[in-house]
Amino acid sequence: MKLISTILALSLLGGAFGFAADANKIVVDGSTTVGPIAKAFAEYTMRQNPGVNITVSESGSGNGAKSLVNKSCQVASMSRLLKLNEYEAAVHSEILPVVHVVALDGIAMIVHPGNPVAKLSMAQVKDIYLGKIRNWSQLGGPNTAIVIISRDTNSGTYETFEGKVMKGEKIAKNCEYVGSNGAIRQRVQSTPAALGYVGIGFLDNTVKALPIDGVNPTPETVKDGSYPIARPLYMITNDYPKMGSHLYRYVNLYLSKKGQTMIEEIGFIPVTSY
Amino acid sequence: MKTNERNLVMSDAASRLRRLAAFFSKGFLFLVAAASLVAVLLIIVYIARDAIPFFKLRGLKELFAGTAWFPSGNPPEFGALAIFIGSGLVTLGAILVAVPLGIAAAIALSDILPYRLRQAVKPVIEILAALPSVAYGFFALVIFAPLLQNHGGSLLSLAAWLIFLPLGLLIAFAVSEIATRSIRADVAPAARWLLAATLAAVLVRGLAALSAILKNVAVSSGTNAFNVSIILGIMALPTIVSVAEDSLQAAGRELREGSYALGATRAESLFRVIIPAAGSGIIAAVILGVMRAIGETMVVWMASGNAAQVPQPWFNFLSPVRTLTATIAGDMGEADQVLGSERYHVLFALALCLLLISFFANLASEWILRRQARRLGGLK
């Protein structure tokens with residue numbers, strides 16, 4: 001934060017005296033979910049345009065909104081839209097929030113390949129994570145206790161899961177927490193009784209992804225909106241960026257083929273399909 | 001007339017200069033030495049500074065008595081009792097693994113193994129300390145956890161045999177030795193063997209029953225307190241072995257020779273003379289090893305399961321647990337540094353507890369070591 005404010009102060013100072021071109025500095029603040037996209041885009045933009053300096057911080061969607069409102073960032077990377085009061089505050093400080101949907105985030109429920117359970121409903125997933133359903137036999141599987149695994153509470157994947165599935169209710173205490181998508185996949189592929197969740201981009205054939213409410217988790221079902229555990233990811237700017245500016249290129253990178261590849265590599269689903 | 005003699009008496013000015021230089025260089029060295037102390041103090045001050053707001057906001061009771069840990073919930077809950085118990089449980093497990101093994105290894109290295117073998121074994125044990133903890137964590141997560149899940153019961157019964165068979169046989173022989181002491185000398189050996197054989201048979205039957213029970217234990221999740229306890233025990237081993245071995249060595253050759261000269265056997269010298277003399281050093285070694293286990297982060301974050309629950313029953317090592325260190329490491333990312341939320345400060349509150357625990361344990365080991373140094377000084 002200090003760094004950001006220093007950079008901001010410097011750039012303001014530069015602007016006031018007219019020696020640094022303001023347009024070369026872009027500050028991005030916001031969600032940890034969108035953070036990896038913002039960082040990958042920043043790296044690419046800086047490589048393509050030497051002299052451009054992009055700082056990305058991940059202090060949460062709420063802080064992204066706050067920074068946008070008090071003009072300490074140009075791009076708020078958010079995993080949700082602005083709340084009404086944030087919108088109001090933005091309008092009051094003469095900021096017009098413009099939303100760019102840069103990618104979609106879909107979460108797949110995964111089990112061990114040997115698990116006979118073939119489908120789950122949203123209500124069942126929620127009940128399992130609430131600790132109401134504790135045994136696979138209640139779901140037509142073998143008589144073993146379900147080992148529930150979650151991402152750590154810091155991750156955006158957790159945030160999505162909590163918002164879309166748990167809807168604010170608290171996950172059972174016996175839930176295990178794991179530090180990365182890869183680690184969840186590893187735990188599930190080696191634990192016959194495990195149920196976990198990963199971003200759809202992390203699926204492979206070592207684990208079995210279950211259809212939820214009859215819909216398979218694929219990029220297609222996320223894109224057409226039929227898969228239930230998914231949400232859009234946003235970048236929000238003040239007004240539409242000036243055409244041709246670095247900021248314009250940065251927030252529109254997701255529309256290019258290169259941007260799409262980057263989003264896929266991080267494990268999200270691009271909105272474009274080249 | 002020219003003189004080549006050097007004036008041995010320094011001039012006043014030169015002497016003042018030298019004293020000044022000596023003063024400043026001493027001061028400089030003092031500052032360098034003090035820097036680490038200052039760093040420690042600053043760490044304590046800054047952690048306390050960020051921890052205190054939490055206690056102001058939420059008080060003490062919730063953190064130390066509550067078991068609901070939902071820092072990101074709405075409203076959040078910060079009951080860390082389960083986390084304290086988790087840290088305690090894995091530390092206890094690590095002690096159970098590392099202390100008997102470590103002390104036995106230290107005694108073997110210092111007094112039993114031949115010198116050449118010792119020179120070969122000690123570096124190998126010390127290599128354990130050089131492995132990065134993420135490597136241990138990876139092993140625990142990728143190899144040990146699935147192994148526990150797939151062959152948990154057989155592994156447990158194997159462990160029971162390995163631990164209790166030698167221990168039990170040792171006890172059986174000792175008991176039969178003591179019990180037959182007062183018997184007539186001509187039948188004593190026969191009685192002794194008979195008793196020992198009976199005891200051993202009982203032991204084997206008991207162990208067979210135990211292992212039959214253990215074989216049926218199903219480990220549903222391999223990332224649990226048991227897994228981490230064993231790995232942490234192995235990690236604490238080199239610390240315990242090398243400090244304990246040093247203190248056994250420090251007991252000195254005179255003590256050993258004196259004991260032998262009085263007619264004591266090697267076992268008698270070991271248990272009656274050398275181990276008591278090195279006792280406080282061994283205790284200090286244990287404390288240092290325990291500190292290593294409490295403070296370890298990466299392994300527990302990767303392989304303890306991180307479930308903030310109180311195991312049922314509390315000593316259920318097969319239950320996933322969450323520890324203080326893993327909580328601090330894992331929850332720091334999203335905790336809001338900017339606004340200084342409760343979720344941020346609670347981590348510092350946990351860090352402060354951890355710091356106080358390790359501070360007092362270190363203090364205790366320092367005090368014990370110093371006492372030993374004084375006592376040995378008196379013996380010589």
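Proteins come first, then strands; the chains are lettered A, B, ... in the order of their sequence lines, and each starts at number 1. Fair warning: this is a prediction, and the values are worked out from it, not measured in the lab. Atoms considered below: every heavy atom in the structure, side chains included; atoms not considered: hydrogens, waters and symmetry mates.
Relative ring orientation between F84(B) and F64(B) is described as tilted, the plane-to-plane angle lying within the 30° to 60° band.
H345(B) contributes a side-chain N or O that, together with a main-chain N or O of D50(B), makes up a donor-acceptor pair within less than 3.5 Å. Of the possible donor and acceptor atoms, one in the side chain of N316(B) sits under 3.5 Å from a partner among the backbone N and O of Q312(B).
Looking only at heavy-atom pairs under 4.5 Å with chain A, the residue among N150(B), V310(B), V142(B), N306(B) that has the most is N306(B). Interface check for chain A: of the options A145(B), A326(B), S221(B), P146(B), the most heavy-atom pairs under 4.5 Å are formed by S221(B). Of the residues considered (A193(A), C175(A), G168(A)), C175(A) shows the highest number of contacts with chain B, using heavy-atom pairs under 4.5 Å. The choice from G179(A), A145(A), A194(A) that makes the most heavy-atom pairs within less than 4.5 Å of chain B is G179(A).
Other residues, nucleotides and ligands place no more than 12 heavy atoms under 6.0 Å from the NZ atom of K119(A).
Neither the backbone nor the side chain of S319(B) has a heavy atom closer than 4.5 Å to any heavy atom of chain A. Within the 4.5 angstrom heavy-atom criterion, no atom of T144(A) approaches chain B. Proximity to chain A (any heavy atom under 4.5 Å) is shown, for T67(B), by both the backbone and the side chain.
Taking 4.0 Å as the cut-off between side-chain N and carboxylate O, R292(B) and E296(B) count as a salt-bridged pair. Salt-bridge formation is not detected for the pair E169(A)/K132(A): no Lys NZ or Arg NE/NH1/NH2 atom is positioned less than 4.0 Å from an Asp or Glu carboxylate oxygen.
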